[in-house]
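Single-structure report; data block below.
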Amino acid sequence: MAGQLGFHIQQDRCIGCFTCQIACKDKNDLEVGQLFRRVHEIAGGGYTEVGNNAFKADVYAYWISLGCNHCQAAPCVKNCPTGAMQKRPEDGVVFIDQNKCIGCRYCIWSCPYGAPQYNPKSGKVGKCDFCRDLLAKGEQPACVAACPMRVLDFGPLDELKKKYGGTNQIKGLPDPGITKPSILITPHRDAALGK
């Protein structure tokens with residue numbers, strides 16, 4: 001695989017089952033409270049009275065599955081004082097060299113997506129590394145393989161753009177200009193900007 005790897009999220013089909021989150025937690029044998037992939041529910045809206053005890057509903061709910069976005073301008077890499085946080089030049093995967101990590105948490109404070117997670121037991125930080133061990137064997141990342149709705153996909157970002165289109169900006173996510181995240185999202189109708 002050549003080029004920057006990324007994830008595609010078919011958000012408009014996600015049912016919020018949390019299977020990707022569970023598969024990631026299981027694969028990485030994470031401690032309680034640690035999640036390298038998180039499914040967030042976004043809900044809102046309300047009811048408007050239209051007269052005579054009649055109401056018009058304007059409610060919504062959707063989910064977003066986020067792990068590390070393996071950003072092209074990753075502030076976690078830039079701000080790591082020991083060089084533990086690294087970005088592979090061949091595919092853009094951001095990972096942590098556990099032998100260099102001192103648990104200072106600068107990467108956690110730098111990431112607008114909350115991807116790096118501190119492990120108090122080890123005193124070090126961990127995060128999604130795109131399941132590098134599975135990729136090396138020609139397999140899919142655990143989250144992608146586990147998704148029953150086939151909402152998640154991965155591959156070179158250019159190929160994902162051609163296949164799905166999508167955007168890296170939806171309601172509730174930071175400005176993509178800050179980090180240049182390697183994600184593409186086919187947004188739920190209520191998550192799309194401009195609605």
Side-chain angles (χ1 to χ4, degrees), residues 1-10 14 17-40 64-80 82-108 110-111 113-161 163-164 168 179-185:
M1 243 180 244
Q4 173 69 53
L5 287 180
F7 286 106
H8 174 259
I9 304 157
Q10 188 83 29
C14 179
C17 68
F18 291 82
T19 304
C20 56
Q21 180 177 301
I22 294 165
C24 176
K25 187 169 182 68
D26 182 54
K27 190 254 181 226
N28 291 291
D29 196 24
L30 299 177
E31 294 291 324
V32 172
Q34 271 194 308
L35 295 171
F36 292 173
R37 178 163 288 279
R38 295 162 320 281
V39 176
H40 302 279
I64 181 73
S65 173
L66 286 177
C68 176
N69 296 320
H70 302 279
C71 300
Q72 296 165 58
C76 59
V77 173
K78 179 183 172 192
N79 294 327
C80 178
T82 65
M85 191 70 74
Q86 300 175 24
K87 186 168 179 62
R88 294 196 314 194
E90 66 270 21
D91 58 13
V93 169
V94 176
F95 69 98
I96 300 172
D97 181 339
Q98 290 295 312
N99 294 320
K100 293 181 179 180
C101 181
I102 59 172
C104 68
R105 304 181 218 184
Y106 285 172
C107 56
I108 293 172
S110 299
C111 178
Y113 297 98
Q117 300 280 303
Y118 182 71
N119 182 340
K121 203 173 198 179
S122 69
K124 298 186 181 220
V125 175
K127 61 175 266 322
C128 162
D129 68 355
F130 229 116
C131 291
R132 293 180 302 155
D133 57 334
L134 297 179
L135 290 180
K137 294 190 280 187
E139 297 178 25
Q140 298 177 324
C143 58
V144 174
C147 180
M149 299 301 291
R150 299 297 170 239
V151 165
L152 293 174
D153 198 1
F154 81 105
L157 205 52
D158 291 342
E159 290 179 22
L160 293 174
K161 282 180 189 173
K163 186 174 181 180
Y164 298 107
N168 60 4
T179 66
K180 298 183 176 63
S182 299
I183 56 169
L184 285 169
I185 302 166

In terms of heavy-atom contacts, Met85 and Pro116 come closest through CE-CG, 4.4 Å
- Task: Return yes when atom CZ of Phe95 has more than 12 non-hydrogen atoms of other residues, nucleotides or ligands closer than 6.0 Å, and no otherwise.
- Result: yes
Report task. Please determine if Lys163 and Asp158 form a salt bridge, counting it only when a charged side-chain N lies under 4.0 Å from a carboxylate O. Result -> no
NZ (Lys180) and CG (Leu157) are apart, to the nearest 0.5 Å, by 13.0 Å
Given the options Asp129, Leu135, Leu134, Pro141 meets side chain to side chain contact (heavy atoms under 4.5 Å, CB included) only with Leu135
Side-chain donor-acceptor distances from residues 67-76 under 3.5 Å, at least two apart:
| unit_1 | atom_1 | unit_2 | atom_2 | d |
| --- | --- | --- | --- | --- |
| His70 | ND1 | Val94 | N | 3.0 |

d(Arg37 CZ, Leu152 CG) to nearest 0.5 Å is 5.0 Å
Distance col, row Leu160:CG vs His8:NE2, nearest 0.5 angstrom, shows 7.5 Å
Value for OG (Ser182) from CG (Asn168), rounded to nearest 0.5 Å, stands at 9.0 Å
Full working for side chain to side chain contact (heavy atoms under 4.5 Å, CB included) between Phe36 and Lys25: CA-CA 7 Å; Phe36 292 173; Lys25 187 169 182 68; over 6 Å; no
CD (Gln21) and CG (Asp26) are apart, to the nearest 0.5 Å, by 12.5 Å
Nearest heavy-atom contact between Val125 and Tyr118 is CG2-CD1, 4.1 Å
Lys87 and Gln4: side-chain hydrogen bond (donor to acceptor under 3.5 Å, both in side chains), yes or no, with the steps? CA-CA 10 Å; Lys87 186 168 179 62; Gln4 173 69 53; 3.1 Å; yes
Lys100 vs Gln86, side chain to side chain contact (heavy atoms under 4.5 Å, CB included): CA-CA, chis, key distance, verdict: CA-CA 10 Å; Lys100 293 181 179 180; Gln86 300 175 24; 3.9 Å; yes
Distance col, row Phe7:CZ vs Ser65:OG, nearest 0.5 angstrom, shows 8.5 Å
- Message: Can a donor-acceptor pair be found, under 3.5 Å and without considering hydrogens, that links the side chain of Asn119 to the backbone of Lys121?
- Response: yes
From the list Asp153, Leu184, Ile9, side chain to side chain contact (heavy atoms under 4.5 Å, CB included) with Tyr164 holds only for Asp153
